[in-house]
Amino acid sequence: MTGSFKKIDYSLRPAKHAERRMMCDIFRRLKPFGPVEDYVYVGFGSVWFADFSLFHRALGIRDMLSIEQKESAKDRIEENKPFRIQVDYRKSKDVLPGLDWAKKQFFWLDYDDPLSPDILLDIQTVSRRASSGTVLAASVQCSQAVQVAEAKQDEAPGSPSALARFVDLFGRDRVKADTDEIALYGWPFGALSRTIILSEIEAALAARNSAGTGASMLFHKICEIEYADDARMTTIVGIFYSADDSARLDACNFKSLDFLQGTSETIRITVPKLTAREFKRLESQVPLRPGEELSLGTVPVSEGRHFAALYRYLPNFAVLEG
Amino acid sequence: MSEAQNEPQINVQPTKAFFVDMLTRDIALEQAVLDLVDNSIDAAKAMKANGSHSLGDRRITIEFGKDRFRILDNCGGFDRKTAASYAFRFGRPPGMPRTPHSIGQFGVGMKRALFKFGNRFSVRSATESETWAVEINVPDWEQKDEWSFPWGDFKEDENISTATPGTEIIAEALRPEVSARFSTQNFENAVVGLLQSKHRQFISEGVQISVNGKFVSASSLYMLVGDSFRPGSDQIIFQEQGKADVRVSIIVGVGQSSPREAGWYVVCNGRVILEADRRPVTGWGLIEEQSNKLTMPSYHNQFARFRGIVSFDSDDSALIPWTTTKTDIDQDSHIWQKTFGRMIEMMRPVIDFLNELNSDIEENTREESPLLDFVSKTNVVKTENLSPSASFTAPARASVVKGPKTVKIQYSKPVEHVNFLMEELSLTSAKAVGTKTFELIFDRMGGK
């Protein structure tokens, strides 16, 4: 949302590519809640619209909204957008409340920034209104909390620590009392960000359900993803469902998703570094039958393992040389 | 003569349902949990007062979730007579023996919490010589005319018996909104955060409190203390014939810059009632009635270093100026009014100093401000460990000098131009570009 497209060509981010395909697999599983092509996809398309293109081509999603706060890039975005995607040039916190919440939606709020209270406000907005069957994926950058740099910059001794600043900003009901400063760096910060997002959803649903009218709205976490094409990123994906729709949720059978096999709930996308020839060699052997192992040849074991875990989601590379 | 006049009396008896509803509306759920902890703390204090039982051996275990709330303590329990005559009365009957220096004194905390949580509750208690239990289904109780609870069966277990005296309270059939909040992580975090600050004194004295299996540590307040830089403090004692003394201590000073911690803390018999308060109630944005002028500024982040602590202590907690919910001040109390006047007097020099500090930073920038440099180099001390001093002492701005006098320059330039220079000069911020270009041109022009 904040214009990372100026720095990186989205199509060259292999881990992001894999994540997008995972998202597509999740999307495909939503049939028990209704025809997938009737879902509305809401994302932050930037100028690349890679997620939009994939969901349109692979799943037939037509109703798509991209939220883009960088109005200065409007001409370029309008020039680049495919498939009649609707683009709203306002901030997500201004756009979200006005959506048609009666529809089933698939949200991928893919922020370029680390977790902030504004992001949590978006999460709340969605949690308060989402209809049963709506999916919420939220991605945040997690290299380190903004407060780490703030604390470093404020060199005055006795100035508040990064953690104190973080708790100050987010409030003590959002940050567990035993959180330590390490949790503001790297993957631990990713885990903390996801916990805070999940608790925010939980709290918003508690308020929503306390009205006591009708079936409770619940949230089922589908998976958590970590990857680093450049900056470290983490994503949490889950689905809102009414207590009446438990059977539908079971029917989605998210547990059997390919990328969730043999791992805990947190998936770390590590793109194997392989030559085109090695790719071909390994691809000829998959999917493996039970008990079978990859014949690696000269491929390093760790690269082989990463390949086996994620090959369905990896991009195909071709090198064109003149 | 109308028929009504034949009635013996006009009925003003409250209905139970109204009573329960009214009682439970004026307290936040987190505070209701704290109220129950207050009862346990009072029991622990009484135990300590009656013998050699140190607070360090007292445990309070709190558990809550979707279906149930439970608080268990080993703080000595209360006897059948107390249960029968006082503990469940709404309000404190005259003549009831008071726990000296208590924090649960209005006789509403436990009932209010129990009714607020759910439709069924049980209380079980054992002293060294007696045991008793009560179990109530609230909707059934509301249907009956009598304002009484029947005794239940006490079953002893490893938690509570005459050998391990204490009290256990369980609430079930939770109200839907309560159940929803009890099951969230954020609610648990909020309760832990409140206990850390509101019961900090008791926790640091050794009482062990756990919430859903995790022990709660105390949070501390810090103030800056150094040469020629000291918090101000004062003591006032209110003595009235035939009443217990009320001892008041006021400390004001400067802490680390933290907007969330800035403001007044009001502590009553060790229990924190207000934390980081920045309302007119504690003097912020106070308007002088006669001249209609502000005598005290409203809170602004330039006062993020302000810390003020006012503690009231008395053996008779009824004399202390707190409200029944223990979340605010009874502003009509004459003890509060007199204390408040002194608070304002003591607050003034700290506010003046922070204004000075702000001017110094504005004129010299954060990096170059001599006064900020001085403040930053001063040590922080836990407020509990402060030695008493008289009035707030801080250096005057003119007395702190660092380097030559500076002036701030500010200007705007097109982003692209600034970025160009940033790249060319290998700098990382616009501000650095401003400084560097000034230095370069200064050298170039032969400045020395």
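No experiment lies behind these values; they were computed from the predicted model shown. A note on names: the letters A, B, ... follow the listed sequences, proteins ahead of strands, and every chain is numbered from 1.
The number of heavy-atom neighbours closer than 6.0 Å to CG of A/L121, taken from other residues, nucleotides and ligands shown, is above 12. Around the CZ atom of B/R59, the shell of radius 6.0 Å holds no more than 12 heavy atoms that belong to other residues, nucleotides or ligands. Shown here is B/K382, whose NZ atom has no more than 12 heavy atoms of other residues, nucleotides or ligands within 6.0 Å.
Between the NZ atom in A/K176 and the NZ atom in B/K214 there is a gap of 4.0 Å [rounded to 0.5 Å].
For chain A, the nearby part of B/S183 is the backbone; its heavy atoms alone come within less than 4.5 Å. If you measure heavy-atom distances from B/L224 to chain A, you find no contacts under 4.5 Å at all. Proximity to chain B is absent for every atom of A/L198, based on heavy atoms less than 4.5 angstrom apart. The contact between A/A203 and chain B is made by backbone and side chain atoms together, counting heavy-atom distances below 4.5 Å.
With contacts defined as side-chain heavy-atom distances shorter than 4.5 Å, the pair A/D168/B/P259 qualifies. You'll find the side chain of B/S258 stays beyond 4.5 Å of the side chain of A/R165, heavy atoms only. The shortest side-chain heavy-atom distance between B/N186 and A/E200 falls under the 4.5 Å cut-off.
Scanning all heavy atoms of the two residues, the minimum distance from A/G171 to B/R260 falls at CA-NH1, 3.4 Å. Residues B/T184 and A/E202 come closest through the heavy atom pair CA-OE1, 3.0 Å. Closest heavy-atom contact between A/A206 and B/R181: CB-N, 4.2 Å.
Between the side chain of B/N189 and the main chain of A/D173, a donor-acceptor pair closer than 3.5 Å is present.
Using a 4.0 Å cut-off between charged nitrogen and carboxylate oxygen, A/R172 and B/E275 count as a salt-bridge pair.
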Stepwise side chain to side chain contact (heavy atoms under 4.5 Å, CB included) check, B/Q185 with A/R174: CA-CA 8 Å; B/Q185 184 63 50; A/R174 288 189 176 126; over 6 Å; no
